[in-house]
There are 4 protein chains.
Amino acid sequence: MIEARPVRRQARGEKRISEILDAALALFAENGYEATSTNAIAARAGMSPGSLYQFFWNKEAIAEALSTRMIEGLRSAHGSAFDADAVASLPLVELVNRMIDPLVAFNVANPGGKALFGNTDMPARLAEATRPLQDAVIGRVAAVLAVRAPSLPTADRERAALVAVQIVKAMMGPVVAADGAERNALTREMKAAVAGYLARMDEID
Amino acid sequence: MIEARPVRRQARGEKRISEILDAALALFAENGYEATSTNAIAARAGMSPGSLYQFFWNKEAIAEALSTRMIEGLRSAHGSAFDADAVASLPLVELVNRMIDPLVAFNVANPGGKALFGNTDMPARLAEATRPLQDAVIGRVAAVLAVRAPSLPTADRERAALVAVQIVKAMMGPVVAADGAERNALTREMKAAVAGYLARMDEID
Amino acid sequence: MIEARPVRRQARGEKRISEILDAALALFAENGYEATSTNAIAARAGMSPGSLYQFFWNKEAIAEALSTRMIEGLRSAHGSAFDADAVASLPLVELVNRMIDPLVAFNVANPGGKALFGNTDMPARLAEATRPLQDAVIGRVAAVLAVRAPSLPTADRERAALVAVQIVKAMMGPVVAADGAERNALTREMKAAVAGYLARMDEID
Amino acid sequence: MIEARPVRRQARGEKRISEILDAALALFAENGYEATSTNAIAARAGMSPGSLYQFFWNKEAIAEALSTRMIEGLRSAHGSAFDADAVASLPLVELVNRMIDPLVAFNVANPGGKALFGNTDMPARLAEATRPLQDAVIGRVAAVLAVRAPSLPTADRERAALVAVQIVKAMMGPVVAADGAERNALTREMKAAVAGYLARMDEID
DNA sequence: GATGAATGAGGATTCATTCAT
DNA sequence: AATGAATGAATCCTCATTCAT
């Protein structure tokens, strides 16, 4: 009744958590959040339904953790792409490359992210848990714009960042779904769209 | 025994079908596809669950019909925006206006659309049922490009159309969610992004 | 999501509700509240689990309804036993007879009541829902005492009523469990205990 | 393979068993038998669930042991209250005092008892496991009556003992739940009820 | 054509119990 | 002796769908 359940975080725990998240990511990608059953996640992760709940309070918590892991993954995928001097000095096209290439690589390696973001079909509480990722990314782009287009009013800057992010998000589906030459072509167009749009707010080039 | 249920299309039938679709659209928009129960749709449509099934084989069929109705709605919303001479002679910015303004108006008036498109959280079969809308729209834009940039290879043209459509879709959520001045600002940016991108493939301006 | 579920109370509804309550009473009596599954109740009531929930929001609601039905049953079982002049004029022994005989008859006919009252093993909320019955009965006895022993302070009167009721409750289990001559003997002793105790507060005899 | 698990009774074992029973008693009192999980018992006893099962075969066994420990506790609580000459020579009121006062003290100190006795909400097998306590107490009272009212037929004597015990059990809940002056008042009434009832079978007074 | 009661499989979650370490 | 991760059956409840009226 009081139930502490400290959400295992030890040694072997990390591995199992990871297995659960992998399974969940795959299934969310295939069938969506709602249509994915916790029993299915457990089965795919090679454990019993009961074990799942030793690591997560409930289904939402899994999606939340997935979202968190995604943020961290993105951050490390970007590496030094957002370093102050890179941001300040690079030509726009090169900057866009540095931002988008790791994103594409990350999404190709982690299909299923799309099930988590920009998806209306999940409990309201979860949608909010998913927000940080969104906001983190937009914030990063806005920070870039703050350096590149310092005279732009904050509101405009945030809006522009949103637009850039939305374009990337929207194109990521087709990019991930395609492969080979077509994937490259789509990636090129995505970059063109983003760079073209941002060029308008950018004093330098 | 051989189950006829010929999907009613008669007199009063049309009206009831419409009521069901209205109810479904509203609920999908509020809670998403999976979280919307057929009983809730029936209730909101002012009929019994049994009656609902006299018009649709199952829940998916409702979403499919919604998708179809959406295509038609979009088509009529666009009116003469895609007329041959409009497409051939208008300045790009004006053409984009004629394409996007009705879309925004339509989506603001039908806020359930987002639950149906670009949402992974539905049975795979449904996601496919939803494709025609997508394709219809892309096809229309590709046709425009065929006129404006006739020298562009077909593959590039289709890809460009996809990009344009994705940008619009991606921005539609934020646009519909915002209101007043911010909605206008977002719409303006959406148009700028699309026009900016298409300008590259467009010989004229 | 909004879900009205007006808890069926119509024509045939009453019958089914009654069947559910009968089944629940029997099972609660056999296995207790917690150990009785809603599926088992439905099965014993000859319906599917889903149907059960057309009449009751959840398991607690069934116990609540059972408690309510019990109060009404007791009231009607007592008939005119608590009429003003009966209460005022009857010899104590006869009064006790009129109070206890219907209770014994009722409990023999409705075994299982014991699972609902004075049982700690149920959600706190339920325990409270069950209180009214308890209080109703004690209140009735206190009212009798108010007539028979008007000089007794209210607190003492309520306490005495509680004692009388507790004795009856405590003996009811053995009485119901026994049968034939032993049941009669136990009933006689229960009455003796109650009458003996009340005689002390009673001016007349 | 032949499953030994000899129910540890050694050195440190006794201490751990005691801790388990303490934890179980507290939790049964708080939440009832069914709602108390073995994991919660283990946690409260400061050990792992696995360890718990080294001392008890299952949940029922814990309740059984608790019942046994209760009998012993009661016995020692009563001390010399049932000594032959005390029983034979004391005025009834004083005898009742000597029997009931330790019981009240014991129950106030061990408020979990009520979850174990007179509670229908436990598996039938457990209810029986709980019987010995009941019977032990009744037997003791019957023995008293055998001395005080030797001419009473055995059956009547046992029945009278049952009544007395039931009264005490029934009042124990309210007594334990109350405190201060009200607890005293309730205890006084409990004694009055018991003494009043027994006086009828008692030749002396 | 319509109704709405009825169905029952399925989903999230818990918990008594086991077993590898 | 002890641990605590693992198990999986069982629970309450929902909902897409059917069918008698």
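Letters go in sequence order (proteins before strands), and every chain restarts at 1.
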Next item on the list: Can you run through DNA chain F from 5' to 3' and write each base as (, ), [, ], | or . depending on how it pairs? Watson-Crick or G-U wobble, both distances under 3.5 Å.
Entry: .||||||||||||||||||||

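Taking atom CZ of residue Phe56(C) and atom P of nucleotide dC12(F), one finds them 15 Å apart after rounding to whole Å. Rounding to whole angstrom units, CG of residue Asn31(D) and P of dT14(E) are separated by 15 Å. Following rounding to the nearest Å, Ile41(D) (CD1) and dT17(E) (C1') show an atom-to-atom distance of 13 Å. The distance from atom CD1 of Ile20(A) to atom P of dT13(E) is 13 Å, rounded to the nearest whole Å. Rounding to whole angstrom units, CG of residue Asn58(D) and P of dC15(E) are separated by 17 Å. Taking atom CG of Leu27(D) as the reference point, atom P of dC15(E) lies 12 Å away to the nearest angstrom.
Taking every heavy atom of both residues into account, Ile17(D) and Phe55(D) meet most closely at CG1-CD2, 3.6 Å. Scanning both residues, Ala65(C) and Phe56(C), for their nearest heavy atoms gives CB-CE2, 3.5 Å. Here the shortest heavy-atom pairing between Ala23(A) and Ile41(A) reads CB-O, 3.6 Å. The two residues Met47(A) and Leu52(A) make their nearest non-hydrogen contact at SD-N, 3.9 Å.
For residues 17-29 of chain D, the set of pairs meeting the salt bridge (Lys or Arg N to Asp or Glu O under 4.0 Å) definition, not counting sequence neighbours, comprises Lys15(D)-Glu19(D), Asp22(D)-Arg69(D).
Rounded to the nearest 0.5 Å, atoms CD1 (Ile20(B)) and CG (Leu66(B)) are 11.0 Å apart. The distance from the OG1 atom of Thr36(B) to the CG atom of Asn31(B) is 5.0 Å, given to the nearest 0.5 Å.
Annotation: side chain of Tyr33(C) is in contact with side chain of Lys59(C) (closest heavy-atom distance under 4.5 Å).
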Under-3.5 Å N/O pairs linking protein and nucleotides 7-11 of chain F:
from, atom 1, to, atom 2, distance (Å)
dT7(F), OP2, Ser48(A), N, 3.0
dT7(F), OP2, Ser48(A), OG, 3.3
dT7(F), OP2, Ser51(A), OG, 3.0

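The shortest distance between the side-chain N/O atoms of Tyr53(B) and the OP1/OP2 oxygens of dT17(F) is below 4.0 Å.
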